[in-house]
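These notes are about the structure you will find just below.
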Amino acid sequence: MGEEIRCPMCSKLNPPGTESCAFCGARLKPLLAPAAPDESSPGLSPSAPDRSEEEAAGEDWLARMRTGAAQDDLEEDLPKKGEGGGASPDWLGRLREVGPADEGPPAGEVPDWLGEQPEQAVAPAGAEPGDEEPGGAVPAQIPDWLSRVRERQAQEVEPAWEPEPEGEPSEVDEGWLARIRDSGEPVGEGLPSSGGPAGAAAPEVEGEAQGPTLDWGDLTPSGEREAAEAASVDSGLSWREDSGADTGWLEEVPPDGEPGTPKTARKQGVQEGWLSELEATADESEGLADRRAADKGAAAKWLGNAEIVVEKPFTANEDEIGGPEAAEAEWLKELERGTDEPSSRQDQEPARVWETAGEGSLDWLAEYDASIGRPQPEEVEEPGPAGDEGAPGWLSEINAPGGQGPSLPEEARTAQFEEPSEPIPEPPEELPHVPALVFKQPGQAASAQGQDFDLDSIEGELPDWLGEPKAGGTGGEAGGGQAGADLAPATLPAWLEAMRPISTFRSVVDVAEEQEATLESAGPLAGLRGVLMAEPVVAMPRAPTIGAAKLEVTERQYAQAELLHQIVEEEERELSTPDKRRLRLPMLRWVVSAVMLLAVILPITVGTPSFSLPTQVSRDLLPLMGLVNDLPVDRPSLIIFDFDPGYSGEMDTVAGAFLDQVMGRGVPVVSLSTRPSGPALAVNLLNRIAARHGVSPGTGYLHLGYLSGGPAAVQIFSASPRDAVHKGFDIPEAPDGEETCGGWDCPILSGVQRLSDFGMVAVISSGTENARVWAEQAHPFMGQVPLVMVLSAGAEPLIRPYYEALQPQVNGILSGLPAAVAYEQANLSPGEAHSRWNPFGAALAATEAMLAAGVIYGLARWLLRTGRLPRE
Amino acid sequence: MLEGVIGPILAALLTIMMLSYIIGDNPFFRLACYIFIGVASGYAGAMAWHQVLWPGIGEPVLEHGLATFTDPTLIVTVFVPLVLILLMLFKLSAATAPYGTLPLALMVGIGAGVLVGGAITGTLIPQSLAAMATLDPRVTAPQTGETGLERVINVIILLAGTLSTLMYFRFTVTRAASGETRRSRMMSLIAGGGGFFIALTFGVMYAGAVAASVIVLSERVQFLAEFFVNMLSRLTGAG
Amino acid sequence: MIDLRGLVILGIFITSLLAYTGYRRRRTIAFRKMRGFEELGRAIERAVEAGERVHLSLGTGSVIGSDSGPALAGLAVLSRMATATSMSDKPSVITAGDGAMMVLAQDRLRTGYQQVGESTRFQLTAGRMLGPTPFSYVAGLPAILGTGDVTVHVMIGSFGAEAALAADFGERNGVFVLAGTDDVQAQSLLYATATHPLIGEEVFAGGAYLNAGPLHQASLSTQDLVRFLIVAAILLGTLLRTFGVSL
Amino acid sequence: MKLGTYLIWAAVAVAAGIIVLLGYFTNLDVFIGLRLVLLRWATLLAAAGLGIGLVNLASVHLAKVSDQEPGWPYSGVLIVFLTFTLALGLFFGPDSPWTLFVFNFIHLPLESSLMALLAIALVVAGVRLVGRRRDVLSLAFLLTAILILLGTGPWPVASDSGLHTAITDLRAWVAQVWAAGGARGILLGVAIGAVVTGLRVLMAADRPYGS
């Protein structure tokens, strides 16, 4: 099985060494790491099995973790390794070269050191000097907090130490050396598996899937290994023993005949041991926190541009699956997936670059590629401006050990804060791209909530790269995402929890599918929505597992299936590019404009066409005129000017007819406006009508001015008019220029304290909203005072129900030019309405004709098209 | 002179510049728009100051002096709003914006209260009650005088229009086994009727708006015609 | 004296909102398709991809009035739009006709950018007041829509008849126009002028259809429940009144 | 820090909203008094908000001028007219002859002309509608509009005919019965939507004032 290569595309097995899949033609060869035999590598077996690759990856991870745990050793170790003869000069040279990516040197160091064990039965001499010297240097250089951690770890792990069969280390060595010696590409190939954050390698075969687990789990022992120099093998033994200790727990994992399974189990076990330590002491997770911070940093940075990508699937997952069971199921699938495809790691190498982009591993890859002078793929830089800061930041931390002392434990605690206390929910943190999703999603919740989480305060203290994950701050609970999901409903009432404006992209909301679809922000599909993420597809289990009974389709898988369906559908219908109407000449607009202008100009200039005045009198007219005739002349009528200057052409005409009768009867008029420009309009109209009837300002009419605040102010005014309007407008002046009176202290308003003290309230409104506000909000304060609405033609249908109700809230209504003309006729005082009648009639006739033509043209095209379709 | 000649010339010029949009977007139209925004903004600002802020805060502070900060009534009606306004000024800068959130939160809360209260007491209750018209043929409508079968038919149409329109907007749908979402046949029928009523209502209101805007168009054209006639008569008179 | 009728209606709203919010966490509810919002998603994608600008108009309503409703719904849409367009070369522009509303738009935009870690890209001038009166606001639109870099013109706010001009400016520039408001007359004009009009209460559904939060989707279910209750109440009231019972 | 402030903003908004809301449903003097005070504050704040909006407007256009962005001369003109009108209004008052002159001969004609453009925009949209959106509702929409227009305005010929009278009556019936029913349904729906939108704010689920 191990020799055969499983195709990443069709999953069929291909004979070893095949360059491309015999079934689907997918390329296999470049993905294989040629394990070139090299004499200079000690303990190298002639034929290095493929598995060594996986181990190498695992060990690379292990090495990388060591750099995380014992950052301060990094610089010293390399030369000393060189002296120890554990590595060739060119190897060292390349390591320095690759240094910034920080993967090379430790990766080289570890297998080298381990590789000599088989030859030197119990205590590898070659390894000792190599490890002792740095070990000796360590206490001088490592900060106290780190040494404390190591001491504690040493005490904790010691009892478990036992020797263990070796051989894998040598394989590891071979595999690793083979890649190192091989020119750039293999190194670059090996590195992604080692350099990517936990999530990056997770989707791979067991070796990969557990790679992160291994190095994370092995983190503390590796730190301790450098702390406890005397037993240099202890660390190695320790993690092996750890692993051995947890096989019982692994009985949950289905027995698998494949060679990788025991290793998988062991590595899981390692994780268990490590997890228990992690939970035991926060300090122990410093190195881990370092790693996590890097991962989070990258993830958060990358997500900074791609929140929507990760939002939907994960939130749906989190919301719908709701908790650890699902998390466990997911994780077990990952595990099984690994055991299913032992050799697919190599096959999926390149895919992994894309898959893991979301987890920020591309930052690291970018670093690496840059360091070996390979051009960086465009897509790799896509993830965004913050994208390239992650790795350097991470490295700068390594180079500044002291500085990180205080901040790291803090970060560790922050990370652990969300950590599930049970080991089992932990693995999801290693699931592909899940951490990235989690980091952002809950983070978003936090920010949407006001980002009032502690991380905000931490932000100030942490360096940038540590501050990055803060965006997902609360979401620092990567794996804890599930834990959070199952804790929240228990601690918060559902309704309260739901009030957190977290954007939940539920695929089950049919209408929201489009919006929910993930938005790719890297790769050639950058910017496209609904792109199927590579990882979940690759990670889709192919066979039911022990969880089969529980393996009903999760929300996440459902979402992915839906997504795939959508994508297939989308293929058929392409997004139409926005039509550039601006490029076309607006012929129709010109024709319509010309016809309407002509229709209006002719009656005004030539006098034709001429239209007969309306003979029918609206049934609303006589009651309104009767109401005005009954108005008391000793109480002012309040006229509300609720229209903008744009409507003055219509409203002056319609209201003019009404006000002409009111002021003609000598009823005092007080104007008020709910619009800033209303008072000026009131001045224009009332001055004109008052001049016609010889009414003087101050005694015959008055302007209260502007009532600011919209509907709210209408309420205030209705409740207590004098409190709402403080100052008059266009206050009348005596001949000597002195103001005769202010707003409320004018004689007209002397008797007015409440809205019901007016003789009538008339609202001249161009719209429906404010007219309704007066009918609804002010009417209750009006008592028996009649409310009249003078309306623009378009507002009538909405106000009329208030007028025609069995208990009317509106006592009179006047709307539109025809009614105004009829009013003027009935009032025997032809005014502006009459002068507008002919152009109005002509323009309406032209409009009717053009609309009819439009209907006929549209119908004709419609029928023609529908007639053509069947023929086609 | 100013109001008799310069004013009308200015008004006619600006009217033509604005109406030139009929031809298409052009610099004259743009210029007219910017002038309009400037003038409208300046005028609104002056109104807000003279009609609201000065009488509401400026005058009381001048009138009562230090008492504004000691008299409980003035503290509530003048001092607190003054402080809130000062806080609001923090929103002028991105750096200080967070410190000015209090007045905004207050306004949003008040607005939400007015929105909910106004919608329930102003529309939901009165409109629902108004829709509950009696189907008794003996009743006579006070304003229209309708009675008998005519009124009953009208009430039924009103009722059908109100209810079907209301149901037209229903958002939730049932999901078929195939995963497709659809409305039940009954709901589709009612919603279809609602759509028809909505189309009628919109058609009526559209026609009303056309009629209103046509009056304004004729008023503008009439103004221009009268302006040119006056100018010609002045010129000929002067000549 | 207490208006029990109003309080009961308020209680029904609150209770069903909370109940549906809890219910939605266990069961999912399907909503009818709304082409406008579906097309909006595509249009925004296209704009982001092409590095074009998205314009959201919050209308001319005030914050403190009953006309603030659609603008509040527009702000919910804005919070989603801000995250979606944060990676675009040209950030979204939000305009309002009220100063306080403009400030709210700026705050919402800032929050949206912070959510995606792009707070440095936020500019105070991304939220603008075009003009303090309805028509002066509309007069400011050609300056924004005519620049050529705006390809999505979303109007979710309170408008009067001037809404037709605002939509027409967009149509004339060949941009995607989605428009909705609370004023029925303005809705009728938008029905004729806008490519994607939102009619009736659809303007309040933007948050739910763009997934602004669980409570937004629960709101739609609540609206439907209250809708049924009102229909039942009207039918019952009509019967009672017909039989002479005064309400 | 943020936790505290965010809670304060939410609490202020919710408390103010509830007080105003209860003012609608109770006649208790406490609530009515508090509601009036809050509404007065809101009115003053709205006016101040207008000021902030004007500063924003000016700053946006000043930036255009200083950066010489495309169309910057227009922005310059806007700033000039804004400053000029504001100065006139502040010094002489909005009801002074000078300010009213600017209003009557600049503001009024410009806004009226914009409204006049609406007529053409509406007719163009109507003519295009059926061809652009081929559905029955659009057809019903336009046919209703034509019917209403026919019943609203005079006819060039036969204005006194029985047909015109019939169409006028039909127009009144459609507008006052059929359309009124639809309008009431829309109003109720909008009110329902407005209530839930407001309640989301009062429950602090929507916090447009930021966090």
Side-chain angles (χ1 to χ4, degrees), chain B residues 25 29-30 33-34 36-37 40-41 44-45 88 91 93-94 97 100-101 104 107-108 110-112 114-122 124-125 128-129 131-136 159 162-163 165-175 181 183 198 201-206 208-209 212-213, chain C residues 3 5-6 9-10 29-33 62-66 68-69 72 100 103-104 106-107 110 122 124 130-133 135-136 139-140 142-143 146 161 164 172 184-185 187-189 191-192 199-202 205 208 220-221 223-224 227 230-231 233-235 237-238 240-242 244 247:
Chain B
D25 199 349
F29 169 72
R30 284 285 178 93
C33 283
Y34 279 83
F36 173 47
I37 298 169
S41 306
M88 203 174 183
K91 289 288 182 184
S93 155
T101 307
L104 263 296
M107 290 176 80
V108 169
I110 293 171
V114 171
L115 179 65
V116 175
I120 292 178
T121 61
L124 277 183
I125 294 176
S128 303
L129 288 175
M132 301 172 189
T134 172
L135 294 172
D136 184 349
L159 200 61
T162 304
L163 301 186
T165 304
L166 202 51
M167 295 309 294
Y168 171 87
F169 293 110
R170 186 185 174 204
F171 291 106
T172 50
V173 288
T174 53
R175 190 205 293 261
T181 58
R183 284 172 156 170
I198 290 172
T201 308
F202 282 178
V204 169
M205 294 194 162
Y206 167 83
S213 55
Chain C
D3 176 5
R5 205 168 39 186
I9 294 176
L10 183 65
I29 301 170
F31 298 123
R32 69 178 158 100
K33 299 268 184 194
S62 70
V63 175
I64 61 168
S66 56
S68 62
L72 289 175
V103 175
L104 289 179
Q106 291 173 341
D107 287 342
R110 184 190 291 111
F122 169 74
L124 206 60
L130 292 185
T133 63
F135 277 93
S136 63
R172 204 159 169 175
V184 184
Q185 186 189 4
Q187 286 176 22
S188 69
L189 305 187
Y191 182 80
I199 59 177
E201 56 192 287
E202 290 175 354
L220 296 193
S221 309
Q223 285 171 249
D224 283 351
R227 188 189 322 281
I230 288 178
V231 168
I234 289 176
L235 288 174
T238 306
L240 290 176
R241 279 198 170 154
T242 304
L247 298 170

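Convention: sequence-line order gives letters A, B, ...; per-chain numbering from 1. In what follows, every heavy atom counts, from backbone to side chain, and hydrogens, waters and symmetry copies are set aside.
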*Short side-chain to backbone donor-acceptor contact, C/R227 and B/L166, under 3.5 Å*: yes
*Select, from C/Q187, C/E201, C/Q185, the one with the greatest count of heavy-atom pairs under 4.5 Å involving chain B.*
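The residue among C/Q187, C/E201, C/Q185 with the greatest pair count is C/E201.
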*Do you know which of C/G6, C/S221, C/P142, C/A161 has the most heavy-atom pairs with chain B at a distance under 4.5 angstrom?*
C/P142
Per-residue contact mode, [X] against chain C (heavy atom under 4.5 angstrom):
X: B/M88; answer: side chain
X: B/V204; answer: neither
X: B/L129; answer: both
X: B/A44; answer: side chain
X: B/R30; answer: side chain
X: B/I125; answer: side chain

Most heavy-atom pairs under 4.5 angstrom with chain C, which of [options]?
options: B/T165, B/I198, B/V114, B/I110; value: B/V114
options: B/A112, B/S128, B/G111; value: B/G111
options: B/A94, B/G118, B/G208; value: B/A94
options: B/D25, B/I37, B/L124; value: B/I37
options: B/D136, B/V116, B/V108; value: B/V108

Would you call [X] and [Y] a side-chain contact if the rule is heavy atoms closer than 4.5 Å?
X: C/I199; Y: B/F202; result: yes
X: C/L235; Y: B/L163; result: yes
X: C/L220; Y: B/T172; result: no

Atom pair [atom1]/[atom2] of [X] and [Y] - distance to nearest 0.5 Å:
X: B/T121; Y: C/D3; atom1: OG1; atom2: CG; value: 8.0 Å
X: B/M107; Y: C/S62; atom1: CE; atom2: OG; value: 7.5 Å
X: C/I230; Y: B/T162; atom1: CD1; atom2: OG1; value: 11.5 Å
X: B/I120; Y: C/L10; atom1: CD1; atom2: CG; value: 4.5 Å
X: B/S213; Y: C/L189; atom1: OG; atom2: CG; value: 8.5 Å
X: C/D107; Y: B/K91; atom1: CG; atom2: NZ; value: 3.0 Å

Name the region of [X], side chain, backbone, both or neither, that has any atom closer than 4.5 Å to a heavy atom of chain B.
X: C/L72; value: side chain
X: C/L130; value: backbone
X: C/T133; value: side chain
X: C/A205; value: side chain
X: C/A192; value: side chain

If you look at every heavy atom in [X] and [Y], which pair is closest and at what distance?
X: B/M132; Y: C/A233; value: CE-O, 3.6 Å
X: C/P132; Y: B/A40; value: CG-O, 3.9 Å
X: C/A100; Y: B/L104; value: O-CD1, 3.8 Å
X: B/F169; Y: C/R32; value: O-NH2, 3.3 Å

*Report the residues that fulfil ring pair (Phe, Tyr, Trp, His ring centres under 6.0 Å) with B/Y168, sequence neighbours left out, ordered by chain and then residue number.*
none
